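Here is the structure we will look at, set down as structure tokens.
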Amino acid sequence: MEKKFAVGVDFGTLTGRTVLIETDTGREIAAADFSYPHGMMQDYLPDDETKLNSGWALQDPQDYLDVLSHTIPEVLRKSGVGKEQIVGLGIAFASNTILPVKQDGTPLCFLPEYKKEPHTYVKSWKHLAAREYAERIKQLHIDKDESNFGMMCAVSPEWMLPKAWQMAEEAPEIYRETDYFLEAADWIVWQLTGQLTRNHCMAVKALWKNETGYPKGASLKLLHPLLEDFAERKLFGKVLETGTCAGGLSEKWSRLTGLCAETSVAVGNVDAYVAIPAVGICETGVMLMTMGTATWDVLLSEKRCEIPGICSLPKDSVMPGYYALEAGQSCVGDHFSWFVKNCVPESYYREAAAFDMNIHQLLRSKAEKQLPGESGLLALDWWNGNRSVLGDLDLTGMMVGLNLFTRPEEIYRAMIEGTAYGTRMIIETLREHGVEIKSLYAAGGIAAKDAFMMQIYADVTNMEIKISAAAETSAFGAAMSGAVAAGCYMDMTACARAVGKVKAHIYRPNPQNAKRYDLLFEEYKKLHHYFGQGENDVMKRLLERKNEAVKLSMAETRN
């Protein structure tokens, strides 16, 4: 019997990654990646003239199309697999990657008259300029009204509604010209198939409920008059569950990718959610950490749970038959990138070059010689706010214990430990509310490449950690959804049981280190509560002073 294959594409923060897998074994045949030419636009639009305000993080959707046209032909060429053997295609994306489009699917930023208008581009998950609107939703308490939104957790400025409200308030003419607001995953699937569908797991972040659909217009009008038609007109498209076939590949994209026309294309997936079946999780009590620039934590639940700072996701949104819980940290890998760009002396870079290392490898080689607590440092991991469990993006980072003898590697290690304490805080919060967590799994670039950091996480949490065996876990999971859409498996659970996989190596806690970290974590919790729960709002006051000074400086510059 002829072998069948599926393609999965994961659109990351700065790079798209594609894998080709064998559907019956999960064997990875070939992979390719493509970096977005426009990257993440946080200072200027592509014209290098239009300045963006603080908190903006935009992308050009053409980059996503280029990922498809470059990487899929490359994996076909590398693999030697005949296109007729490839039966399915799946897509994974970071949720809350939002773009406004016309009725035919054309992004507004593609239109010449809107090239210089920031609101017409993709607002990435890192776009936090809608923070004011998320806060106003919380202040109105609409999220607590079951008859209106029935929210399962506090609205984040990353979500679609605050971003749409920002446009309605700041650029009403652009809002009126927008026919649909789409998650980028759903837009890509629409481009590939010609069928506009919305995926279940992302629709939740647009306030969609299994029982009642999207919120009613009267509720939305309370926020802004233009939002009255937001759900009814601008969220058009049938909501489908993970693994469902959205349609067949169009002739146009058959030519651009080299795949056969009518290849089954699955509805879109959240990158962190589709990693769950990729590592073979089909039961409760197992938490998966997808670790990269940020970290998303997901675990299955047999019931809906209401836990502060944790999103309770509807049944079937991640895996068939289960509710799910989602937590996360909004800055993990970004911590370390910030540090090496801004705080490491040139002498360290010269030393790294002499040893044929990159700067991260050098810092880790120095930091791993320390015992827990040896540096005398303790960090709060809030360089980009706190997503869980405090749900406050106005919180900022902190390092306690610095002195004139502190070395860069000590700060670096303290920052790694800080992110591990943040993960333990999430785990303890879940347990305090009756959620059993028996084991930890990890996926993503950090989990795959950084043994030092993963051992710290095992020691801090005092739990074993299993690592995804897939080189690109979310792309692998996306390919699995393509296989399900093509009918190779009944559902994602069956596919997970057949091909989900982890490595043989397990990170196990060092008992002595775990005891030391127990003491340090108690100090972390004191700082967490003191600065994060209102006892001392110095971080917010400093942010207010900063914003006032920036506005004053801008006014003086204009004058």
Side-chain angles (χ1 to χ4, degrees), residues 12-15 17 33 35 39-40 289-295 329-384 397-424 442-461 465 467-468 471-473 503 505-510 512-514 516-517 520 524:
T13 301
L14 296 174
T15 305
R17 299 167 286 268
D33 61 69
S35 296
M40 185 71 69
M289 306 175 291
T290 301
M291 306 171 69
T293 55
T295 290
Q329 294 166 268
S330 50
C331 183
V332 177
D334 275 351
H335 276 100
F336 320 128
S337 296
W338 168 84
F339 180 71
V340 299
K341 288 177 182 176
N342 296 281
C343 304
V344 178
E346 181 60 33
S347 61
Y348 274 60
Y349 283 90
R350 291 195 297 269
E351 184 179 355
F355 287 107
D356 195 26
M357 294 178 172
N358 65 43
I359 191 63
H360 292 281
Q361 290 170 327
L362 177 71
L363 288 167
R364 279 162 166 73
S365 70
K366 291 176 177 290
E368 67 186 1
K369 298 173 184 176
Q370 306 165 22
L371 291 175
E374 186 175 346
S375 69
L377 300 179
L378 185 64
L380 285 177
D381 53 315
W382 300 342
W383 262 248
N384 195 32
M398 174 176 285
M399 184 74 63
V400 178
L402 293 166
N403 60 45
L404 293 177
F405 299 98
T406 300
R407 306 296 298 168
E409 60 268 25
E410 294 174 325
I411 300 174
Y412 193 80
R413 178 174 180 131
M415 295 181 77
I416 291 175
E417 291 170 340
T419 65
Y421 298 143
T423 294
R424 179 165 169 178
I446 290 174
K449 302 172 185 176
D450 195 341
F452 171 60
M453 185 165 168
M454 296 315 303
Q455 185 60 51
I456 287 178
Y457 270 59
D459 293 343
V460 168
T461 61
I465 303 176
I467 306 299
S468 170
E472 298 292 348
T473 307
K503 293 180 179 179
H505 175 72
I506 300 173
Y507 290 96
R508 293 183 169 88
N510 176 305
Q512 288 74 32
N513 287 350
R516 294 188 183 100
Y517 278 128
L520 292 166
Y524 174 91

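This structure is a prediction, so every number in the text was calculated from the model and none was measured.
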Could you give the distance from CE (Met357) to CG (Leu363), rounded to the nearest 0.5 Å? 10.5 Å
Out of curiosity, Thr419 OG1 to Asp334 CG, how far, rounded to the nearest 0.5 Å? 12.0 Å
How close do Met399 and Leu377 get, counting heavy atoms only, and between which atoms? SD-CB, 4.2 Å
Nearest heavy-atom approach of Val332 to Met453 is CG1-CE, 3.7 Å
Could you go through the salt bridge (charged side-chain N to carboxylate O under 4.0 Å, His left out) check for Arg413 and Glu417 one step at a time? CA-CA 6 Å; Arg413 178 174 180 131; Glu417 291 170 340; 2.9 Å; yes
If you measure from NE2 on His360 to OG on Ser365, what distance do you get to the nearest 0.5 Å? 13.0 Å
Please report the closest heavy-atom contact between Ser330 and Asn384, naming both atoms and the distance. OG-O, 2.9 Å
Answer yes if the side chains of Tyr517 and Thr461 hold a donor-acceptor pair under 3.5 Å, and no otherwise. no
Does anything in residues 335-353 pair up under salt bridge (Lys or Arg N to Asp or Glu O under 4.0 Å), and if so which pairs, sequence neighbours excluded? Glu351-Lys366
Met454 to Ala447 - nearest heavy-atom pair and separation: SD-CA, 3.8 Å
Measuring from Met291:CE to Asp450:CG, what's the distance to the nearest 0.5 Å? 8.0 Å
Shortest non-hydrogen contact from Pro509 to Asp459? CA-OD1, 3.3 Å
Please check if the side chain of Gln361 supplies one atom and the backbone of Asn358 the other of a donor-acceptor pair under 3.5 Å. yes
When the ring planes of Tyr421 and Tyr524 are compared, do they come out parallel, tilted or perpendicular, using 30° and 60° as the limits? tilted
Is it the case that more than 12 heavy atoms not belonging to Asn342 sit under 6.0 Å from its CG atom? yes
Could you state the interatomic distance from CD1 (Ile465) to OH (Tyr457), rounded to the nearest 0.5 Å? 8.5 Å
Please name the pair of heavy atoms, one in Pro372 and one in Arg516, separated by the smallest distance, quoted to 0.1 Å. O-CD, 3.7 Å
Distance, nearest 0.5 Å, that separates OG of Ser375 from CZ of Phe405: 15.0 Å
